[in-house]
Amino acid sequence: MFLEALGSAILGLALAWAAAYRLPHRLPARRLVLGTGIAGGLFGAFLTHTALGSVGFLPVMLGAVAVSAASVSLLLRPAGRLSRHSAAV
């Protein structure tokens, strides 16, 4: 269980760091992104382990990565200005 928690925190941190590195203009402060990635990874591991039981290390890590990616994606801002073209005249 300790290795699952440690592994999920490391995977969440790596995923959040990669997102912060690739999309710095679309994300808030780096500390918030990294913290969200770690928390998402830990919560994903907890959720997967609770739902599936002791199925193994890999499914728990996949659940951790999925929830971590979903958590970090909620922090994304739009890329640019949204242009609204009025079709009605």
Side-chain angles (χ1 to χ4, degrees):
M1 185 88 171
F2 177 73
L3 288 177
E4 287 177 354
L6 182 63
S8 65
I10 291 172
L11 283 174
L13 178 65
L15 186 118
W17 179 82
Y21 179 75
R22 296 277 314 222
L23 303 166
H25 59 285
R26 293 188 58 196
L27 288 168
R30 186 173 291 236
R31 290 180 70 181
L32 177 65
V33 174
L34 297 178
T36 302
I38 293 170
L42 287 171
F43 181 69
F46 169 72
L47 189 69
T48 308
H49 186 79
T50 302
L52 300 178
S54 296
V55 295
F57 188 71
L58 186 60
V60 173
M61 292 301 110
L62 290 174
V65 167
V67 173
S68 179
S71 299
V72 170
S73 74
L74 292 174
L75 298 175
L76 284 173
R77 293 182 283 214
R81 295 194 79 168
L82 298 175
S83 61
R84 296 184 181 181
H85 297 288
S86 178
V89 177

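Positions are given from 1 along the sequence.
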Exercise for review: Indicate, with yes or no, if Ile10 and Phe46 share a hydrophobic cluster defined by side-chain heavy-atom contacts under 4.5 Å among Ile, Leu, Val, Met, Phe, Trp and Tyr.
Suggested key: no
Check your understanding: Should the heavy atoms of other residues, nucleotides or ligands under 6.0 Å from CZ of Arg22 be counted, would the total exceed 12?
Key -> no
Check your understanding: Is the backbone N or O of Gly37 less than 3.5 Å from a side-chain atom of Ser68, with the two atoms forming a donor-acceptor pair by type?
Key -> yes
Exercise for review: Please check if atom OH in Tyr21 has more than 12 non-hydrogen atoms from other residues, nucleotides or ligands closer than 6.0 Å.
Suggested key: no
Point to revise | From CE (Met1) to CG (Leu6), nearest 0.5 Å | key: 13.0 Å
**Study point:** Closest approach of Val55 to Leu52 (non-hydrogen atoms, all atoms of both residues)
**Key:** CG1-O, 3.1 Å
Check your understanding: Which heavy atom of Val33 sits nearest a heavy atom of Ala20, and at what distance?
Key -> CG1-CB, 4.2 Å
Review point. For the hydrophobic clusters of this structure (ILVMFWY residues joined by side-chain heavy atoms under 4.5 Å, transitively), does one cluster hold both Leu62 and Val60?
Key: no
Practice item. Would you kindly confirm whether Leu15 and Val67 end up in one hydrophobic cluster when ILVMFWY residues are joined by side chain heavy atoms under 4.5 Å apart? Key: no
Check your understanding: If you group Ile, Leu, Val, Met, Phe, Trp and Tyr by side-chain heavy-atom gaps below 4.5 Å, do Met61 and Val72 land in one group?
Key -> yes
**Study point:** Heavy-atom pair of closest approach, residues Gly41 and Ser8
**Key:** O-CB, 3.4 Å
**Study point:** Common cluster, Leu75/Leu11, ILVMFWY with side-chain heavy-atom separation under 4.5 Å
**Key:** yes
Check your understanding: Applying side chain to side chain donor-acceptor pair (under 3.5 Å), which residue pairs with at least one partner in residues 46-66 are found, sequence neighbours left out?
Key -> Glu4-His49
